[in-house]
Amino acid sequence: KIAGGKLTQAQVDKINALIDEIQVKVMKVDASGVQLISDFEDLRLTAYDDVVGVWTIGWGTTVYPNGRKVEKGDKITLEQAKQYKAHDLARFEKAVNDAVKVPLNQNQFNALVSLAYNIGDSAFTRSTLVKRLNEGNYKAAADQFLVWVNAGGKRMQGLVNRRNKEREVFLK
């Protein structure tokens, strides 16, 4: 009716293709992406002060789902850690989905979520990596992973290892 009458199957197929083209695809981290993050985020059920003075708990949680920051002396259960990790994953998946305007494969998405999980959604969104990626320069974006290897002004070997792995995954 909207088109002024009956549509042929060919017309319906064209409309469906157009809708598919403009529809925003929301990506999710897959099992290998969760493993990538877990390989670098140790489980801690008691809050600890990370190398730059941010209190952290679980698998890298710094802010609880209710918005409260993790504080010295906080303790959680394994079940809570799992819930916080799921919440954090959703938060960083959204950050990547919102910031990136070019097509990604699953490996690229996983690597970007791992980076965002570690540096925070705000730093990720404003990064040169995202700028290069949205310009369509995937190689330059991949090289930007290697910029994020310092914490508290010091080069950290653990971050070098993580960024090399994330870059490797991104390039697959």
Side-chain angles (χ1 to χ4, degrees), residues 24-130 133 141-172:
V24 176
K25 183 177 179 188
V26 176
M27 296 186 75
K28 298 279 185 193
V29 172
D30 66 7
S32 65
V34 172
Q35 188 60 53
L36 174 64
I37 293 166
S38 298
D39 286 347
F40 293 101
E41 298 286 349
D42 292 333
L43 172 62
R44 307 272 285 276
L45 299 179
T46 301
Y48 65 96
D49 185 358
D50 76 357
V51 295
V52 293
V54 177
W55 287 97
T56 307
I57 203 162
W59 281 282
T61 296
T62 58
V63 178
Y64 295 111
N66 66 6
R68 185 175 72 81
K69 289 184 177 183
V70 174
E71 297 175 1
K72 181 178 182 176
D74 286 357
K75 294 178 190 262
I76 60 172
T77 65
L78 177 59
E79 192 54 42
Q80 286 173 311
K82 290 176 183 177
Q83 291 170 4
Y84 300 155
K85 182 179 184 179
H87 179 267
D88 289 344
L89 279 172
R91 174 180 155 201
F92 295 115
E93 287 169 339
K94 181 179 182 341
V96 173
N97 278 309
D98 289 350
V100 176
K101 307 302 180 197
V102 296
L104 298 172
N105 68 36
Q106 188 64 54
N107 287 326
Q108 291 166 330
F109 185 77
N110 290 346
L112 292 171
V113 172
S114 178
L115 176 67
Y117 197 104
N118 186 241
I119 69 173
D121 45 9
S122 182
F124 173 80
T125 300
R126 295 188 320 259
S127 71
T128 301
L129 186 154
V130 170
L133 189 55
D143 293 341
Q144 283 294 309
F145 278 93
L146 306 178
V147 170
W148 295 91
V149 295
N150 296 322
K154 295 180 183 174
R155 182 178 175 91
M156 306 295 289
Q157 189 58 49
L159 291 177
V160 170
N161 297 343
R162 182 175 186 154
R163 299 303 172 247
N164 282 323
K165 183 62 176 178
E166 289 166 343
R167 182 178 183 278
E168 175 188 322
V169 170
F170 182 85
L171 289 170
K172 284 185 184 176

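What's counted below: heavy atoms across the whole structure, side chains too, no hydrogens, waters or symmetry copies. Quick caveat, the model's predicted, so the values are computed rather than measured.
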So, does [X] use its side chain to make a donor-acceptor pair with the main chain of [Y] at under 3.5 Å?
{"X": "S127", "Y": "F124", "result": "yes"}
{"X": "R162", "Y": "S114", "result": "yes"}
{"X": "N150", "Y": "G153", "result": "no"}
{"X": "E93", "Y": "V29", "result": "yes"}
{"X": "S122", "Y": "G120", "result": "no"}
{"X": "N107", "Y": "F170", "result": "no"}

Where do [X] and [Y] come nearest, in terms of heavy atoms and distance?
{"X": "L146", "Y": "N164", "value": "CD2-OD1, 3.2 Å"}
{"X": "E71", "Y": "D74", "value": "N-OD2, 2.9 Å"}
{"X": "A47", "Y": "G73", "value": "CB-N, 4.4 Å"}
{"X": "V52", "Y": "G152", "value": "CG1-N, 3.0 Å"}
{"X": "V51", "Y": "M156", "value": "CG1-CE, 3.8 Å"}
{"X": "A116", "Y": "V96", "value": "CB-CG2, 4.3 Å"}

Gap between atom [atom2] of [Y] and atom [atom1] of [X] - 0.5 Å precision:
{"X": "K82", "Y": "I76", "atom1": "NZ", "atom2": "CD1", "answer": "11.5 Å"}
{"X": "W55", "Y": "T62", "atom1": "CH2", "atom2": "OG1", "answer": "13.5 Å"}
{"X": "D50", "Y": "I57", "atom1": "CG", "atom2": "CD1", "answer": "13.0 Å"}
{"X": "K28", "Y": "K94", "atom1": "NZ", "atom2": "NZ", "answer": "10.5 Å"}
{"X": "D98", "Y": "K101", "atom1": "CG", "atom2": "NZ", "answer": "6.0 Å"}

Test side-chain hydrogen bond (donor to acceptor under 3.5 Å, both in side chains), reference N161, set K165, Q157, R163, output is Q157

Test side-chain contact (heavy atoms from CB on, under 4.5 Å) on T56 and V70 and set out the steps. CA-CA 6 Å; T56 307; V70 174; 5.7 Å; no

I'd like to check [X] versus [Y] (side-chain heavy atoms, cut-off strictly below 4.5 Å). Are they in contact?
{"X": "R126", "Y": "V130", "result": "no"}
{"X": "N105", "Y": "K172", "result": "no"}
{"X": "L133", "Y": "L112", "result": "yes"}
{"X": "V113", "Y": "I37", "result": "yes"}
{"X": "K85", "Y": "V34", "result": "yes"}
{"X": "L159", "Y": "N118", "result": "yes"}

Please lay out, stage by stage, how L115 and L129 fare under the test side-chain contact (heavy atoms from CB on, under 4.5 Å). CA-CA 10 Å; L115 176 67; L129 186 154; 3.7 Å; yes

Please test K72 against D49 for side-chain contact (heavy atoms from CB on, under 4.5 Å), starting from the C-alpha separation and ending with a verdict. CA-CA 8 Å; K72 181 178 182 176; D49 185 358; over 6 Å; no

Run through F40, Y84, Y117 and flag the one making a side chain to side chain contact (heavy atoms under 4.5 Å, CB included) with W59. Y117

Near R68 CZ, under 6.0 Å, is it more than 12 heavy atoms from other residues, nucleotides or ligands? yes

Without hydrogens or angle criteria, can the side chains of N110 and Q106 be said to hold a donor-acceptor pair below 3.5 Å? yes

